[in-house]
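First the structure, in the form of structure tokens, and then the observations on it.
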There are 2 protein chains.
Amino acid sequence: MSAKNLQRTATSTPPAARATIADVAREAGVSKATVSRFLNHRETLLTRDIATRVEVAIAALAYSPSPMAQALKRGRSRLIGLVVADVTNPFSVAVLRGAEKACQESGYLLMLFNLGNDSRRESEAIEALTAYQVEGLILNTLGRDAGAAAEAARHGKPVVLVDRRHHDMQADFVSLDNAGGVRLGVQHLVDAGYRELLFVSQPIKDVSSRMEREAAFRSFISDSAADVAGLQGSTFESREDDTYNLDEALRGLRQRAGGRLPGVLSSNAVVTLRVVAAMARLGWRFGVDVGLVGFDDTEWSPYIGPGLSTIAQPTDELGRVAAGCLIERLKGLDLPPRQILLSGRLLPRGSSQPEAAPVSTRQAS
Amino acid sequence: MSAKNLQRTATSTPPAARATIADVAREAGVSKATVSRFLNHRETLLTRDIATRVEVAIAALAYSPSPMAQALKRGRSRLIGLVVADVTNPFSVAVLRGAEKACQESGYLLMLFNLGNDSRRESEAIEALTAYQVEGLILNTLGRDAGAAAEAARHGKPVVLVDRRHHDMQADFVSLDNAGGVRLGVQHLVDAGYRELLFVSQPIKDVSSRMEREAAFRSFISDSAADVAGLQGSTFESREDDTYNLDEALRGLRQRAGGRLPGVLSSNAVVTLRVVAAMARLGWRFGVDVGLVGFDDTEWSPYIGPGLSTIAQPTDELGRVAAGCLIERLKGLDLPPRQILLSGRLLPRGSSQPEAAPVSTRQAS
DNA sequence: TTGTAAGCGTTATCAA
DNA sequence: TTGATAACGCTTACAA
């Protein structure tokens, strides 16, 4: 037993260093190369006797290889970089969660970089992450500064985009089927009798998912105009803290509706909350005064007013699939860029029922 | 200009390798050591002439040092490990956000490991993270399997605990002032006239923050019994999906209250949501039928019923302070373990007003 | 002030 | 089948 080993088993608290491959080699009386072979090619190439000696030594020293050193040597780090535009966004968190899980299951660790909604830092993030030799990147970002991600892809690092497309980037893309989700929501509003519809989103800028949802909304309205008498639609972009214009937009909506029922489709949970706040300010009731269906189901959706109808995204699934795509690529899958669109699920609740239901019939998800 | 450099500037897409210190040395016509000195000791030790040559070469090759190699050599990785019991928990996310920000500001990157509420994987997490040479750990975990974290600390890696104490662990601890928060909440309920109080929490097990809050609740009640006529308190542990017992607990509360006002103090956002669901099932109104103050302010708190009164935790601050503590230690600060308790803030809303207020007087945070 | 060389913990290429 | 030995990209004695 080596001195190091004694230290390790002793109950005193000297800052015991991790055992290295050299320690194991010494302990087992073999060369470092042999230990390395045991680790990487286990069954093949090794005498039974030697193998067990190494095995014992490894156990005795509680040795585990240094991923850092491995990364340096192999170029592979077992690290995956995740860049999110905003960790505060519940959607991002859910993706994060799914991705982290999938990574763990495949033995990868996640390095996280949060942009805090400052899209200028995107290349900084990608830079930092690639410096650490991450093997691939999952991006839930705007891709404003296209160079950075493209650069990573050019370095041969696979990239997966989640929810937000980058303009000119050839990469796997995982997202909700936005058009389908919109159809689900709008059709539901129409079926419930709402006719004057308003699509409310955050500023659309270059966020692909918002653009797609708005486009789908517009085309649904024009496609259905013939079949559904009196169906009208318009759109509104809500800015943070600009309560005035949102209130006005809702007032306008009701006015335009006239005798018809006014309904809102909100483009995500953040917007939904703003609409909720506006309704409270106006003293209006969901369903009765204005109908609502919103993207993103949250834990609190069932408990706001009569319950908020939502289009739930399979968020965990999105994260998991994104990580899965990446890991497939890392395993060598060589395919042209894929698009994977997952379907949303409509959860109808009181906010899309024109007649107020008694409180006790609220339905949870 | 070297061949490598040409590759880099060309617009074709060969998987251009990152420039290394050797490339820079060659380009500048100096030794690797000189380049390294320029990087680490810039001002001192270098001739003006050589320094600029190196500087130019670095710029030309867009060189940046490999943190992996640096880590291997120095033992320091500029990496901080964060282990959270559950990324789904909004509190954890908020801490995550604050911590990530502080880390970024100090040039550290965060490696994330989510336990998904499986506390048995805690040592696995710490193991994985320390293998990557993280310089320190931020733990928002139960610390059931005490060995792992203690091991890390013994390896000389500073550890900061957030929100949850580990039983026998000597480490910096950052948390809400739970006792103060409870006093804030209970005093508010008492002032509003509620007399029969119930503290509802998730199963307490070994979660220190829950234990502390319950203890504070109990002692507040017994301390105030003399001054406040008819003040009574009890506690209830709510299990997931066990709606029956929660409903019963609330019914019991109202029954015990008799002519007095019944009030609930819920121990975190998760529990608050369960209480909200129970109230909906029972068809009771917040404030009027049962008063409520809950730990954790959320974006949706103002919009549930008459608005939920909450005790807001300075979550971002907690994360930032935790990371700050760690970074101080990494810079060499040598102090005995500290406890840093931050105060909560009471946000009174309709749920703690015995008389129902008109909808329009809801106050947002 | 600069260069040479050893070494951090691995893996891979060669001989043996 | 096993063992030296040379990298991987960097830092740091030690020499010059």
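Lettering of chains follows the sequences in order, A, B, ..., and the numbering in each one begins at 1.
Taking every heavy atom of both residues into account, Tyr108(B) and Leu79(B) meet most closely at CD2-N, 3.8 Å.
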For a quick check, with a 4.0 angstrom heavy-atom cut-off, what is the B/S/- contact string for nucleotides 8-16 of chain D, read 5' to 3'?
BBBBBB---

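In this structure, Glu55(A) and Ile58(A) have side chains that are not in contact, with every pair of non-hydrogen atoms separated by 4.5 Å or more.
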Output, in order, the C-alpha distance, side-chain angles, deciding distance and verdict of salt bridge (charged side-chain N to carboxylate O under 4.0 Å, His left out) for Arg320(A) and Glu317(A).
CA-CA 5 Å; Arg320(A) 201 206 303 292; Glu317(A) 210 47 28; 3.8 Å; yes

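Residues His41(B) and Ser36(B) bring no donor and acceptor atom of their side chains to less than 3.5 Å of each other.
The CG-C1' distance, from Asp49(B) to dT1(C), rounds to 12 Å in whole Å.
Each of Asp163(A), Leu161(A), Val162(A) was checked for a side-chain contact (heavy atoms from CB on, under 4.5 Å) with Leu139(A), and the lone residue meeting it is Leu161(A).
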